[in-house]
Amino acid sequence: MNDAARLSIPLLKRRLRRYGTSIFAASCALVAGCASNSGCEARYDASPQFKGCSFQNLPNPDVLPSADGWRIWSRFIVGDKVGTVPVDPIPVRMLATADLEALDPGANHVVRLGHSSHLLKLHGKYWLIDPVFSERASPFTWVGPKRFHKPPLTLEQLPPIEGLILSHDHYDHLDVATIEYLAQRVQRYFVPLGVRARLVAMGVPAERVTELDWWQGGEHDGVKLTATPAQHFSGRTLTDRNRTLWASWVVQSGDQRIFYSGDSGYFSGFRQIGERFGGFDLALMENGAYDAYWPAVHMTPEQSVQAFEDLRGKVLYSVHNSTFDLAFHTWHDPLDRIADLSQAKKIELATPVIGEVLTVGKARTNERWWQGLR
């Protein structure tokens, strides 16, 4: 064995430790997937999205092809990453229960917990979106994408949760430890088709879960929910690709509408959603984990801005960044680009600090909190 080979072995081992769950968390569960569909445990033949044994995206002749799973997996294992993890601490505004109780019960508030996780206080009642409190977005506790920062409050500090919304079943959106803790503590879960079984396996009572197809709606305690289309995929193992549906969500509380994109590539569905609902007071838009290897399932900042304009949103709220290392762009690239684009287009942008509270419809001054951080 030559010296170069000897040197390469420790390097490979370090990369395997760092990206060991990329097969799951990146190439097969977060990015483009590489699994086949064998068998068919559950059928959803009434859904236009369900064909054979799996769910499908809407036809999109403009979508760019993704690289194959092997190329993506190989790149995560041996490719170089520069600036994808912050050196300096990410600022976090720690929250106490008293801070939440002090929020106006007559308004709608959104609290950024990190990545795509949010706590909502909707006219005095608390809701969660894609809550992930674990240290890693991974099927394992010892390896996989690790948090850049702690959540601004602990699971134990959460107030009673009226409702919980899930966009899809990937590990950075559906976290086992979080759901197991909340299982009996949430009154109603709203999920895309197929995800109920995931939650029941985590201890959630089946009767508390409302499963919806695209364009189907539900209501709980005065809040109206509609599952809307997204362009993505699903799966938590190497053999269950697209067995469950993915969705974006419309949340209406009082006379205000909030949109949450979940994970999605850019497609014409955003314009259709905007037309159907007549615009949104706040749009939580995916902005991070994009790459030329998987253009169909995540948006670039430029596409996120276009999708926001399609939706007829008033305030663009950037999510899916600043918490996990899931791609090859620098950790601050999504924030830099969307801030510059929004300024050029005179779009009202929200890039809240982790733990910051945004009150829907209330004027605020947005800050580029990441500037100067390495």
Side-chain angles (χ1 to χ4, degrees), residues 41-50 54-56 108 110 113 116-132 155 158-171 173-176 178-230 232-236 240 242-254 256-264 269 273 276-277 280 282 284:
E41 296 93 10
R43 301 197 63 87
Y44 294 88
D45 293 328
S47 170
Q49 284 60 251
F50 191 76
S54 63
F55 290 94
Q56 309 290 327
N108 295 312
V110 180
L113 303 180
S116 292
S117 300
H118 291 82
L119 175 67
L120 280 58
K121 186 174 184 180
L122 305 178
H123 285 95
K125 299 296 180 67
Y126 295 96
W127 289 66
L128 284 166
I129 292 177
D130 285 354
V132 176
L155 277 170
L158 284 174
I161 303 298
E162 200 63 39
L164 190 153
I165 301 164
L166 291 174
S167 62
H168 63 299
D169 68 4
H170 287 164
Y171 286 94
H173 296 260
L174 175 54
D175 177 45
V176 174
T178 299
I179 296 299
E180 286 180 342
Y181 177 86
L182 293 170
Q184 302 284 344
R185 293 177 168 88
V186 174
Q187 297 306 307
R188 176 62 55 180
Y189 295 79
F190 289 88
V191 304
L193 293 179
V195 179
R196 177 190 283 120
R198 303 279 199 215
L199 300 188
V200 171
M202 298 173 195
V204 175
E207 64 273 13
R208 296 192 186 186
V209 184
T210 298
E211 222 175 40
L212 298 174
D213 198 354
W214 293 344
W215 302 118
Q216 289 182 340
E219 185 171 352
H220 180 71
D221 202 34
V223 177
K224 296 179 180 179
L225 286 300
T226 306
T228 44
H232 201 54
F233 68 105
S234 66
R236 291 174 70 82
D240 65 352
N242 293 348
R243 297 293 182 80
T244 66
L245 187 59
W246 47 96
S248 57
W249 288 90
V250 174
V251 181
Q252 182 164 349
S253 177
Q256 291 180 328
R257 285 188 299 274
I258 300 170
F259 177 78
Y260 170 50
S261 70
D263 282 4
S264 181
I273 294 166
R276 284 207 186 191
F277 288 92
F280 297 91
L282 181 69
L284 280 63

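For the single chain, residues carry numbers from 1 onward in sequence order.
- Interatomic distance, CZ of Phe190 versus CG of Leu164, reported as 10.5 Å (0.5 Å rounding).
- Closest of all the heavy-atom pairs between Trp214 and Thr228 is CD1-O, 3.5 Å.
- Under the rule for a side-chain hydrogen bond (donor to acceptor under 3.5 Å, both in side chains), Ser117 has no partner lying at least two apart in sequence or in another chain.
- Phe55 is linked by a ring-ring contact (aromatic ring centres under 6.0 Å, His included) to Tyr44, Phe50, counting only residues two or more places apart in sequence or in another chain.
- With hydrogens and angles disregarded, no donor-acceptor distance shorter than 3.5 Å links the side chain of Gln256 to the backbone of Ser253.
- Under the 6.0 Å cut-off for aromatic ring centres, His118 and Tyr260 do not qualify, their centroids lying 6.0 Å or more apart.
- Taking both residues in full, the closest heavy atoms of Pro131 and Thr178 are given as O-CG2, 3.6 Å, listed atom of the first, atom of the second, then distance.
- Using modelled atom types and a 3.5 Å distance limit, the side chains of Ser234 and His168 yield no donor-acceptor pair.
- Defined by atom type and a distance below 3.5 Å, a donor-acceptor pair is present between the side-chain atoms of His173 and Asp263.
- When every heavy atom of Ser167 is checked against every heavy atom of Gly262, the shortest pair comes out as CB-CA, 3.8 Å.
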Atom pairs and distances, side-chain donor-acceptor, residues 194-210, under 3.5 Å, sequence neighbours left out:
{"residue": "Arg196", "atom": "NH1", "partner": "Glu211", "partner atom": "OE1", "Å": "3.4"}
{"residue": "Arg196", "atom": "NH2", "partner": "Val209", "partner atom": "O", "Å": "3.0"}
{"residue": "Arg198", "atom": "NE", "partner": "Asp169", "partner atom": "OD2", "Å": "3.2"}
{"residue": "Arg198", "atom": "NH1", "partner": "Asp240", "partner atom": "OD2", "Å": "3.4"}
{"residue": "Arg198", "atom": "NH2", "partner": "Asp169", "partner atom": "OD2", "Å": "2.9"}
{"residue": "Arg198", "atom": "NH2", "partner": "Asp240", "partner atom": "OD2", "Å": "2.8"}
{"residue": "Arg208", "atom": "NH1", "partner": "Gln184", "partner atom": "O", "Å": "3.1"}
{"residue": "Arg208", "atom": "NH1", "partner": "Val186", "partner atom": "O", "Å": "3.0"}
{"residue": "Thr210", "atom": "OG1", "partner": "Arg188", "partner atom": "NH1", "Å": "3.4"}

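- Note: Leu166 CG to Ile129 CD1 = 10.0 Å, rounded to the nearest 0.5 Å.
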Side chain to side chain contact (heavy atoms under 4.5 Å, CB included) between Leu128 and Leu182, worked out: CA-CA 10 Å; Leu128 284 166; Leu182 293 170; 3.7 Å; yes
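- The CH2 atom of Trp246 sits 9.0 Å away from atom CZ of Phe233, with the distance rounded to the nearest 0.5 Å.
- Partners of Gln252 under the side-chain hydrogen bond (donor to acceptor under 3.5 Å, both in side chains) rule, at least two apart in sequence or in another chain, do not exist in this structure.
- From Gln49, atom CD reaches atom CG of Leu193 across 8.0 Å, with rounding to the nearest 0.5 Å.
- Applying the side-chain hydrogen bond (donor to acceptor under 3.5 Å, both in side chains) rule to Gln56 yields the partners Ser54; only residues at least two apart in sequence or on another chain are considered.
- Here the CG atom belonging to Leu158 is positioned 5.0 Å from the CD1 atom belonging to Ile161, to the nearest 0.5 angstrom.
- In this structure, the side-chain contact (heavy atoms from CB on, under 4.5 Å) partners of Arg185, at least two apart in sequence or on a different chain, are Tyr181.
- Nearest heavy-atom pair across Ser248 and Ala230 is N-CB, 3.9 Å.
- Interatomic distance, CH2 of Trp127 versus CD1 of Ile258, reported as 11.0 Å (0.5 Å rounding).
- Between Trp215 and Phe277, the ring planes lie parallel to each other; the angle is under 30°, not in the 30° to 60° tilted range.
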Report the C-alpha separation of Leu122 and Val251 in whole Å, then their side-chain angles, then the decisive distance to 0.1 Å, and conclude whether the side chain to side chain contact (heavy atoms under 4.5 Å, CB included) test is met. CA-CA 10 Å; Leu122 305 178; Val251 181; 4.0 Å; yes
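- The shortest non-hydrogen separation linking Ser116 to Asp130 is O-CB, 3.9 Å.
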Under the side chain to side chain contact (heavy atoms under 4.5 Å, CB included) rule, what do Trp249 and Thr226 come out as? Steps first, then yes or no, please. CA-CA 6 Å; Trp249 288 90; Thr226 306; 5.9 Å; no
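- A pairwise comparison of heavy atoms in Pro229 and Ile273 identifies O-CD1, 3.8 Å as the closest pair.
- Here His220 pairs with Glu162 under the side-chain hydrogen bond (donor to acceptor under 3.5 Å, both in side chains) rule; sequence neighbours left out.
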May I have the step-by-step check of side chain to side chain contact (heavy atoms under 4.5 Å, CB included) for Val132 and Leu174, ending in yes or no? CA-CA 7 Å; Val132 176; Leu174 175 54; over 6 Å; no
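- For the residue pair His123 and Asn108, a side-chain donor N or O sits within less than 3.5 Å of a side-chain acceptor on the partner.
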